[in-house]
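Remember, predicted model here, so these are calculated numbers, not experimental data.
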Amino acid sequence: MTEVIIKNGFVFDPINGVKGENMDISIKNGKIVQKVTHNAKVIDATGLTVMPGGVDIHTHIAGGEVNTGRMIRPEDHVKDTVSKTAMTRSGTGYSIPSTFVTGYRYSQMGYTTVMNPSMAPLEAKHTHEELNDIPLVDKATYPLVGDWWFVLEYLRKGDLEECARHVAWMMDITKGYAIKIVNPGGLESWGFGRNVHSIDDQVPNFCITPREIMVGLAKVNEMLNLPHSIHLHTNNLGLPGNYSTTLETMKALEKVPYNGKPVAHITHLQFSSFGGDGWGNFKSAAEEISSYINAHNHLTFDMGQIIFTDTTTMTADGPFEFTLYQLSGHKWVNSDVETETSGGIIPFQYKKNNAVNATQWSIGLELALLIKDPWKMMMTTDHPNAGPFFSYPRILAWLTSKNARMATLKNCNKKAQKKSLLPSIDREITLYELAIMTRAAQAKALGLKHKGHLGVGADADVAIFNINPETTDIARKYKTARKAFKNAAYTIKDGQIVVKDGEVVGHADGRTMWLNVKTAEPCRIDEEMKSKFHQYWTVDYDNYPVSDHYVKVKDPITIKASV
Amino acid sequence: MIVLSPLRKFTYPITAECINPDVFQGKEISEIAKLPVFEGNKPKTLSDLFKVEKDNLDTPTITINGDVSEVRRIGIGMKKGEIIINGNVGMHLGEKMMGEKITVNGNASQWAGCSMKKGTIEIHGNAGDYLASPYRGSTDGMKGGKIVVDGDVGADSGCYLQGGLIKIKGNNTGQFLGFHMSKGTIHVEKNASTRLGANMTGGKIIVSGTLEELMPSFTIDTVKAKVKVDETESAAGPFYVFLGDLAEKGTGKIFASKANNPQLKSYEKYL
């Protein structure tokens with residue numbers, strides 16, 4: 001019967017419309033409650049900012065790609081080693097931290113829920129083993145189904161209902177949370193050394209187009225009533241002039257019936273908003289993209305903000321990683337995950353004095369500031385692709401303070417400075433909007449009803465920051481704010497204090513969430529399907545599913561599908 | 001001037017980043033004696049392992065008398081002063097060094113001068129593998145300064161070289177000398193082993209003795225009578241000049257002595 005009361009903090013809880021009011025938050029048995037007895041442990045939050053625990057909708061923290069990234073980058077670990085303490089285990093950090101360090105660092109920034117956005121179904125067991133080892137945060141993972149052979153075949157036949165049942169089965173056997181689509185059609189093409197270059201290109205051997213895959217799976221998502229929408233990494237990502245593909249994609253998704261809940265989440269939007277027609281005249285298309293988004297409501301997005309540092313790019317988008325390899329000549333991992341997806345990894349250094357990198361940095365912030373509704377645009381770095389997640393406080397400073405971003409911009413490449421829209425944008429994100437972009441909007445988009453808010457019944461995941469909104473103007477004192485967001489005064493996970501003054505002081509395993517989708521009829525698993533597994537996979541059907549015992553702390557979410 | 005003498009023969013690896021003139025500068029001898037080191041995984045102080053003495057010369061010099069082949073990371077990132085080691089020395093000597101001089105009157109172990117930027121390292125014995133090379137996986141090679149080795153060097157030396165000069169006077173080098181180098185000079189006064197200059201994209205390697213193997217991804221460019229080693233010195237030829245590594249579209253140069261490499265004569269017909 002642990003009871004905690006957080007007294008007198010400035011509470012920012014956008015889902016419940018609380019805008020920095022002085023309130024007490026009561027916690028009992030890991031949940032937010034109306035009131036507690038006088039025996040409750042008191043946390044004095046006078047002069048501090050209280051927010052729901054952070055939610056990260058897109059961060060590569062576990063799985064085959066992440067681990068291969070660790071293996072090829074000993075030089076990344078040597079510059080950031082973490083010693084053990086009485087409470088924590090040792091590890092290495094920087095762009096691909098070890099599992100324990102991942103959990104600790106997220107928690108130190110006040111995050112309590114993180115989503116691993118890319119998992120080849122074949123690597124599901126590995127992914128869950130790593131997720132089990134990430135402490136202090138709740139987590140879930142999205143299986144890649146956009147180029148999965150069975151899905152492509154059902155979509156070609158137009159059999160959406162069977163496709164939906166198949167996807168429901170996939171969520172269960174991979175212990176997945178959402179439908180992830182990466183460069184639809186492109187990954188299958190990459191198996192033959194090719195790519196698709198528009199949303200209407202044919203995928204080799206399947207007589208289907210990326211448009212049909214995206215729209216089909218978005219409809220499947222609605223038929224299954226999944227809590228999140230489809231999670232989409234667009235075609236032509238990372239190539240100059242790709243904003244037109246992104247616009248076409250967004251228009252194509254208008255065809256999916258919209259009933260108030262977004263039909264798709266387009267992730268790391270920065271990488272999909274490039275103008276120009278080559279690297280020479282590379283420019284921002286943030287204006288075109290954001291004006292479309294401001295006029296439409298059927299989608300949500302996250303930033304994929306660039307940090308100027310040495311990081312590691314990793315994505316299932318194999319052909320894009322090949323482009324990066326041709327640009328950088330760095331060590332490159334390329335893979336084709338059997339019938340499911342592809343993958344690639346390349347270390348990459350984003351430099352201020354590089355015109356393209358500096359423009360990319362500007363694009364991310366332009367998008368976040370030009371998109372008026374913070375519920376649509378969430379803050380991420382697509383960790384570690386655009387920068388490691390523990391750089392979030394720097395992004396928060398850039399968003400909340402024009403001074404902060406101008407101070408960085410003036411050290412950037414001169415050509416990029418001239419093209420940047422940032423000097424013309426005066427908007428400074430408020431603490432309330434920040435709480436939306438880092439927690440509330442992410443929890444809402446993910447359909448996590450018990451997270452991202454502090455209403456009665458919510459999980460007692462709370463972050464307290466050393467910022468007094470009455471005396472500190474974060475737009476002027478951005479360095480103070482940056483420091484406060486880097487080291488949370490308190491992080492509370494399920495009612496337990498796990499971080500105090502930026503130090504890990506408690507342990508919690510964190511739950512793994514997955515979807516248990518109940519369809520009226522079960523998915524068709526016949527001899528034909530099993531023989532396909534036998535013929536095309538290295539793993540037979542019987543050994544394929546991830547059984548429940550793989551997951552350390554289980555939190556299945558039961559969904560009733562409408563098929 | 002500080003003189004350190006090992007109190008015993010070390011059996012466990014010792015990590016002693018504190019043995020650095022910049023760290024010793026301005027400290028009393030009693031403070032120096034208390035500087036932290038690790039023996040294996042046990043924290044110790046410098047005076048647990050060394051006799052620490054000070055002589056009356058007031059120069060920022062450290063002299064080590066005795067075998068310190070288990071002591072790692074001496075002179076890491078040093079900017080000023082000098083280190084003289086009368087004996088063999090352990091791994092990572094002068095890593096990321098920024099200036100002045102280290103002299104070894106003995107052999108140096110692996111990663112001597114790893115990623116160094118400036119200054120001079122003189123090794124009057126042999127050097128181990130990875131001389132002047134960066135850590136595994138890193139591309140952050142030696143950027144400047146000078147390393148002179150009187151004896152042989154081990155494998156994978158001068159990897160990712162980005163500047164500076166390495167002079168090797170011994171009879172042999174290890175494999176993959178100058179792997180992936182992009183700038184700077186390596187002068188092998190005697191013989192060089194296989195895979196010389198693999199993946200090099202720039203810079204030059206001069207072999208005044210015999211070249212055991214020339215990679216097939218190098219092509220002959222010309223013959224030169226002599227070649228400049230640095231501002232003050234040039235090597236006397238004639239030399240065959242090879243361009244490569246073409247597998248990396250490289251424009252690095254290997255200069256191989258014409259007199260000592262008759263096996264390369266067949267290349268002359270392509271001139």
Got a sec: does the NZ of A/Lys331 have more than 12 other heavy atoms crowding it under 6.0 Å? yes
Counting heavy atoms not belonging to A/Tyr325, are there more than 12 under 6.0 Å from its OH? no
Of all heavy-atom pairs linking B/Gly137 and A/Pro74, the shortest is CA-CG, 4.0 Å
Give a yes or no on whether B/Lys34 atom NZ has more than 12 heavy-atom contacts from other residues, nucleotides or ligands under 6.0 Å away. no
One should read off an interatomic distance between B/Asp140 CG and A/Asp310 CG, to the nearest 0.5 angstrom, of 10.0 Å
Is it the case that atom NZ in B/Lys44 sees more than 12 heavy atoms from other parts of the structure closer than 6.0 Å? yes
Quickly, which of A/His330, A/Glu75, A/Gln349 forms a side-chain contact (heavy atoms from CB on, under 4.5 Å) with B/Thr139? Name it, please. A/His330
